[in-house]
Each structure stands twice: as structure tokens, then as C-alpha cells.
Amino acid sequence: MNILMVSDGYFPERIGGSYRYLTGLSEGLAKIGHNVHVLVPKIKQELPDIETINGVVIHRYTYSRRLPFISLLSQIHGSKRVFERISGEMQPELINFHHALPSLGITLLKKARKIPKVFTFYGPWGEEYRARNKAGISSAIYKKAMLIFERFILNRCSYILVLSEFSRNQLKEIHGIPFKKTSVIPAGLDISLFSPSDKLSARKKLNIRQDIRIVFTVRRLDPRMGLDILLDAFKKVRYRLGNIKLIIAGAGDSLESLVK
């Protein structure tokens, strides 16, 4: 099957759980014989417009990084332009949207209407924007626009996939999407890459004594993840329990503020 994935990033050029999931899913589908193409914005100018990685063809479009509204229009135009170019070549039989912004331009095209479309919903676009930005009139307007755009795309998809019941309930509460239009498919895991190693050697490598308990989390270092709240709460946990250590693994813009 010819499958087109549409996202606002691809791992590892962009860090985050949804990007790693998209990459793993795309490579897994390519491995079993599907023709998989991915359409994403060009995060770094030095990246090629077209590149094949582990059997997956990546198509990148350039866009403006100026004001949010200009960036939005630029991404809509960029995704439309690249879709019109590659749709004739690969003739997608299924489009899987992973993020709303790059998907908006494609849903507006007449040639995309007859192609079956599914949306993998990770969380509400507007709420995630609000969590990353300061409150204000422009922020409120932009959040409302995101809500409208996201709902527009969701309503034009045949089916919506979520990773959890929590996300399924969010879709119902925020966008009014009925349960019959959604399916919960937990994220898969490549156990050849992510599997428990020897605990003793890991402790030695990190210089952690045997008697110390460990709390471990892997998150994108982003303000909306609430890691600052976790650090504050852990001070109380450590005060009450004593020999316990918190380990946070990840990368992101909040690294400097978290280590202070």
C-alpha cells in the first residue's frame, strides 16, 4: 500500500515522543513491504528536500519562521505545494495525519478529498500551545484558531487513532468526536532498541549505590511537561524517604532552567 504520513517533525531531527513514534511506525510499515512517504517541514536548512532513511522517503518543505500567523500560512502553502508534487508520483492510497498544522493545507485540496484519511491524535493542539506560551489576547486568538483548524481536519478524516483512553475522552470533550469514530491503539515499542539492561552495571555506570531507590522518567524537556513541578514535589519525597534519587532523561529548551 502507498501510505503518506504528514507530521510537523521526524525523529531525530525533531525530538519528542510523537516524532519517535511516527518514525518507528513508518520504518515498521516500510519493513513489511509498504511504500511509505513522510511529509514534514524542514527544521534545519541544511537538511535535503528529499531523503530516504531506512526505507522511508522523507519530503521536506521550507517555511517562514517569522510571526506565528505568517508561519502558519507559510506551512499551509508549503505542505500543499509538496503534496501536489508527490501525490502524482506515489499516488497515496492512505493519508495518516499526525499533526494538524501541516495537514491543514492538504485537506483543502480537491485531489486529497477522495483519498482515505486517518488522524493519529496525540493531544489538543491549542492546549499544548497555551501551555508553552504566556497568556494574552494574541495567545487566546491563536489558540481559538488552532481549535477550529484541528476540528476542521478531524471532521474530514474517516477515522481517528489515539494512544490512550484519556486522549479518546479529550477528543469527545473538546471536539465532540464520537467514540465510534475512534480507536485506541497503544504505541508500539521496538524491544530490540528499548529493553532492560543489567541493573547492577547501570548503577555502577551512574555511580549510584545499591541501597538508593531510583525514580526514572523520560520526557521532552518542555515547559508543558511540568518537570519543574516534579522537581519541587521530589524535594518533599526525598525529605520523607531519604535514600532516593530522581533521574530525568530527555532533551529540549527547558534544560538550562531545570538544572539551575
Donor-acceptor contacts under 3.5 Å from residues 233-250 side chains, at least two apart:
| residue | atom | partner | partner atom | Å |
| --- | --- | --- | --- | --- |
| Asn243 | ND2 | Asp211 | OD2 | 3.3 |

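In terms of modelled atom types and a separation under 3.5 Å, the side chain of Asn2 and the main chain of Met90 share a donor-acceptor contact. Remark: the backbone N or O of Pro48 is paired with a side-chain donor or acceptor of Arg60 at under 3.5 angstrom. In this structure, the side chain of Lys181 engages the main chain of Leu154 through a donor-acceptor pair within 3.5 Å. Formation of a donor-acceptor pair under 3.5 Å by the Lys42 side chain with backbone atoms of Leu47 is found in this model. Looking only at distances, no side-chain donor or acceptor of Lys80 sits under 3.5 Å from a matching main-chain atom of Pro102. Put simply, the side chain of Arg85 never gets that close to the backbone of Arg81: no donor and acceptor are under 3.5 Å apart. No donor-acceptor pair closer than 3.5 Å links the side chain of Lys204 to the backbone N or O of Arg209. Judged by distance alone, with hydrogens and angles left aside, the side-chain atoms of Ser158 form no donor-acceptor pair with the main-chain N or O of Pro116 at under 3.5 Å.
Closest heavy-atom contact between Val38 and Leu4: N-CD1, 4.4 Å. Across Arg220 and Leu227, no two heavy atoms sit closer than the pair O-CD1, 4.1 Å. Looking at every heavy atom in both residues, Gly55 comes nearest to Ala30 through O-CB, 3.7 Å. The two atoms that bring Ser79 and Ile106 nearest to each other are O-CG1, 4.1 Å, heavy atoms only. For the pair Lys111 and Ser87, the tightest heavy-atom approach, listed with the atom from each and the gap, is CD-OG, 3.6 Å. Residues Leu104 and Thr107 approach most closely at O-OG1, 2.7 Å, considering heavy atoms.
The side-chain contact (heavy atoms from CB on, under 4.5 Å) check on Asp190 picks up Ser192, Leu193, with sequence neighbours excluded. For Arg219, the side-chain hydrogen bond (donor to acceptor under 3.5 Å, both in side chains) test picks out no residue, with sequence neighbours left out.
No side-chain donor-acceptor contact under 3.5 Å links Tyr19 and Glu13. A side-chain N or O of Ser183 and one of Tyr159 form a donor-acceptor pair less than 3.5 Å apart.
From Leu25, atom CG reaches atom CZ of Arg20 across 14.0 Å, with rounding to the nearest 0.5 Å. With values rounded to the nearest 0.5 angstrom, Gln75 atom CD is found 8.5 Å from Arg65 atom CZ. To the nearest 0.5 Å, atom CD1 of residue Ile214 and atom CD1 of residue Ile212 are 8.0 Å apart. Summarising the geometry, atom CG belonging to Asn35 is positioned 9.0 Å from atom CD belonging to Glu93; distances are rounded to the nearest 0.5 Å. Rounding to the nearest 0.5 angstrom, the gap separating the OG atom in Ser7 from the CG atom in Leu22 is 5.0 Å. Here the NE2 atom belonging to His98 is positioned 6.0 Å from the OG atom belonging to Ser26, to the nearest 0.5 angstrom.
Looking at Met5 and Leu29, their side chains come closer than 4.5 Å, going by heavy atoms from C-beta outward. Between Leu72 and Phe149 there is a side-chain heavy-atom pair separated by less than 4.5 Å.
Both Val118 and Met1 are members of a single hydrophobic cluster when ILVMFWY side chains are connected at heavy-atom separations under 4.5 Å. In terms of hydrophobic clustering, with Ile, Leu, Val, Met, Phe, Trp and Tyr side chains grouped at heavy-atom distances under 4.5 Å, Tyr10 and Ile15 are assigned to different clusters. Tracing side-chain contacts under 4.5 Å through hydrophobic residues (I, L, V, M, F, W, Y), one reaches Leu73 starting from Leu109; they form part of the same cluster. Cluster membership for Phe11 and Ile50, using ILVMFWY side-chain heavy atoms within less than 4.5 angstrom, is not shared.
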Output, in order, the C-alpha distance, side-chain angles, deciding distance and verdict of side chain to side chain contact (heavy atoms under 4.5 Å, CB included) for Leu39 and Phe83. CA-CA 8 Å; Leu39 193 159; Phe83 177 81; 4.1 Å; yes
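By the 6.0 Å and 45° rule, Arg168 stacks over the aromatic ring of Phe179.
A perpendicular orientation is assigned to the rings of Phe121 and His175, their planes being inclined by more than 60° (bins at 30° and 60°).
Heavy atoms of other residues, nucleotides or ligands lying less than 6.0 angstrom from CD1 of Ile191 number 12 at most. Within 6.0 Å of CZ in Phe166 there are 12 or fewer heavy atoms belonging to other residues, nucleotides or ligands.
Under the 6.0 Å cut-off for aromatic ring centres, His77 and Tyr63 do not qualify, their centroids lying 6.0 Å or more apart. Between Phe119 and His99, the distance from one ring center to the other does not fall under 6.0 angstrom.
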